[in-house]
Amino acid sequence: MRYELIIFDNDGVLVDSEPISNSLLAAYLTELGHPTSYEESLRDYMGAAMHRVHDLVEERTGQRLPADFDEVFHARVFAAFERELEPVPGAEQVLEKLAADGLPYCVASSGSHERIRVGHRKTGLDRWFDQGRVFSSQDVGRGKPAPDLFLYAAERMGVAPEKCAVVEDSPLGVRAAVAAGMDVYGFTAMTPADRLAGATRLFSGMDELADLLV
C-alpha cells in the first residue's frame, strides 16, 4: 500500500459542520462589536483552533474577546449540532472501505475533544473512532498551520510521517500537512481549489477519495 495511515481532518471532511459553526462565529463576533461576515469567517478561521480567533481579533482591534467567549460559542455550536449536524456525504463509505482494507486511519482536528465527540455522536461516526483514533489541537502546543498535530497523530499511531496521507479542506490544514512532510488530499467541496494550493491531489466528492488513496 502507498500509505500506512490516513489522517482525516474532522470539520468539513467527516462532519458537515463548517456552515453551522462559521455562521455562528460570524454572528457572535458581530454581536460583540467585531463585524464579521460568514465569508470572512470561512476565510480567516476555517480549519483553525480557537486561539486563532482570539489572536486575530486582538491583532486587528487591540481588544480581547471576553473570557467566556469559547464557552459561550461552543454552547451555541453544540446546540446547533444537536439540531442540524449531518455527516459529510460519502464519509462513512470511505471509512468502511478503509476498515475493510485494513488501512489504519484516525482524525486530527483543530476542534476540542468535546466538539469532536459531540459531532461524531450526533452523526453516528463515533462507531468508527474509538478514543485511540481521535487527536485534537488540545493535545499539542500549536494548532494548524503548524505541523505539530499531524506529527503527534502519526507518532501516536506508530507511523512515519512520509507514510501518512492527510485529508483536509482548509488552507491552514494543507499547510500543516505539507509542513509535516505528508501527502495531503484537498477536499474542494467548500473551499476553492486555488486556496488549497500545495495539496498533493484535489478532489470534490468523498466518493472519489478511496480510489485516490490506493
Side-chain angles (χ1 to χ4, degrees), residues 8-92 107-126 129 134-140 142-146 149 167-176 186-192 195-196 204 206:
F8 289 93
D9 175 44
N10 189 54
D11 294 293
V13 170
L14 295 174
V15 297
D16 194 15
S17 53
E18 294 291 8
I20 298 171
S21 59
N22 281 283
S23 293
L24 290 170
L25 180 58
Y28 189 26
L29 288 172
T30 300
E31 177 186 321
L32 292 172
H34 306 291
T36 305
S37 69
Y38 170 69
E39 292 74 19
E40 288 168 338
S41 183
L42 287 175
R43 180 195 68 199
D44 293 341
Y45 305 121
M46 182 173 166
M50 286 302 295
H51 67 76
R52 179 175 171 87
V53 182
H54 291 263
D55 292 346
L56 278 185
V57 168
E58 185 170 8
E59 178 184 312
R60 290 169 174 173
T61 69
Q63 301 174 26
R64 290 192 168 190
L65 291 171
D68 65 350
F69 179 87
D70 291 12
E71 181 182 352
V72 172
F73 174 64
H74 283 131
R76 295 181 183 187
V77 169
F78 295 164
F81 279 5
E82 293 294 346
R83 295 190 304 268
E84 306 170 39
L85 189 63
E86 299 288 342
V88 168
E92 189 155 14
V107 61
S109 173
S110 292
S112 66
H113 278 284
E114 184 182 12
R115 177 179 172 130
I116 299 166
R117 285 195 303 271
V118 169
H120 285 188
R121 185 175 65 247
K122 174 60 169 64
T123 58
L125 294 181
D126 53 345
F129 291 96
V134 177
F135 306 101
S136 160
S137 61
Q138 288 179 312
D139 300 326
V140 295
R142 299 182 300 169
K144 305 169 189 177
L149 177 56
V167 185
E168 263 288 354
D169 70 331
S170 75
L172 293 175
V174 168
R175 286 168 56 194
F187 185 34
T188 62
M190 280 195 61
T191 308
R195 296 201 65 214
L196 300 180
S204 59
M206 277 293 163

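No experiment lies behind these values; they were computed from the predicted model shown.
Contact detail for Gly111 and Ile116: the closest heavy-atom pair is O-CD1, 3.9 Å. When all heavy atoms are compared, the tightest approach of Arg175 to Pro145 is NH2-CG, 3.5 Å. Listed here is the closest heavy atom pair of Ser110 and Lys144: OG-CD, 3.5 Å. Minimum interatomic distance between Tyr45 and Val57 (heavy atoms only, all atoms of both residues): OH-CG2, 4.0 Å. Residues Val118 and Glu82 approach most closely at CG1-OE2, 4.0 Å, considering heavy atoms. Residues Val13 and Val167 share a closest heavy-atom pair of CG1-CG1, 3.8 Å.
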Show the numbers, then the answer: is there a salt bridge (charged side-chain N to carboxylate O under 4.0 Å, His left out) between Arg76 and Glu31?
CA-CA 13 Å; Arg76 295 181 183 187; Glu31 177 186 321; 3.1 Å; yes
Chi angles and distances behind the side-chain contact (heavy atoms from CB on, under 4.5 Å) call for Asn10, Phe135: CA-CA 10 Å; Asn10 189 54; Phe135 306 101; over 6 Å; no
Between Ser21 and Arg115, is a side chain to side chain donor-acceptor pair (under 3.5 Å) present by the stated rule, with each step listed? CA-CA 11 Å; Ser21 59; Arg115 177 179 172 130; 3.2 Å; yes
*Between Thr191 and Ser170, is a side-chain contact (heavy atoms from CB on, under 4.5 Å) present by the stated rule, with each step listed?*
CA-CA 7 Å; Thr191 308; Ser170 75; 5.6 Å; no
Next item on the list: Would you please test Asp169 and Met46 for side-chain contact (heavy atoms from CB on, under 4.5 Å) and show each step?
Entry: CA-CA 9 Å; Asp169 70 331; Met46 182 173 166; 3.0 Å; yes
Kindly determine whether Leu32 and Gln63 satisfy side-chain contact (heavy atoms from CB on, under 4.5 Å), including the steps that lead there.
CA-CA 11 Å; Leu32 292 172; Gln63 301 174 26; over 6 Å; no
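If you take NE2 on His74 and CG on Leu24, they are separated by 11.0 Å, rounding to the nearest 0.5 Å. Leu172 CG to Arg52 CZ: the interatomic distance, rounded to the nearest 0.5 Å, is 5.0 Å. A distance of 14.5 Å separates CE in Met190 from OG in Ser204, rounded to the nearest 0.5 Å. Atom CG in Asp9 sits 4.0 Å away from atom CD in Glu168 (nearest 0.5 Å). Taken to the nearest 0.5 Å, the CG atom of Asp44 stands 11.5 Å off from the CD atom of Glu39. The distance from the CG atom of Leu85 to the NZ atom of Lys122 is 6.5 Å, given to the nearest 0.5 Å.
Under the 4.5 Å side-chain criterion, counting only non-hydrogen atoms from C-beta, Leu125 is in contact with Glu92. In this structure the side chain of His113 reaches within 4.5 angstrom of the side chain of Asp139, judged on heavy atoms. With contacts defined as side-chain heavy-atom distances shorter than 4.5 Å, the pair Thr188/Leu196 qualifies. By the 4.5 Å heavy-atom criterion applied to side chains, Phe73 and Val53 are not counted as neighbours. Proximity of Leu14 to Val88: side-chain heavy atoms (C-beta onward) are nowhere separated by under 4.5 Å.
Across Ser41, Ser17, Ser37, a single residue satisfies side chain to side chain donor-acceptor pair (under 3.5 Å) together with Asn22, and that is Ser41.
Judged by distance alone, the side chain of Thr36 and the main-chain N or O of Thr30 form no donor-acceptor pair under 3.5 Å.
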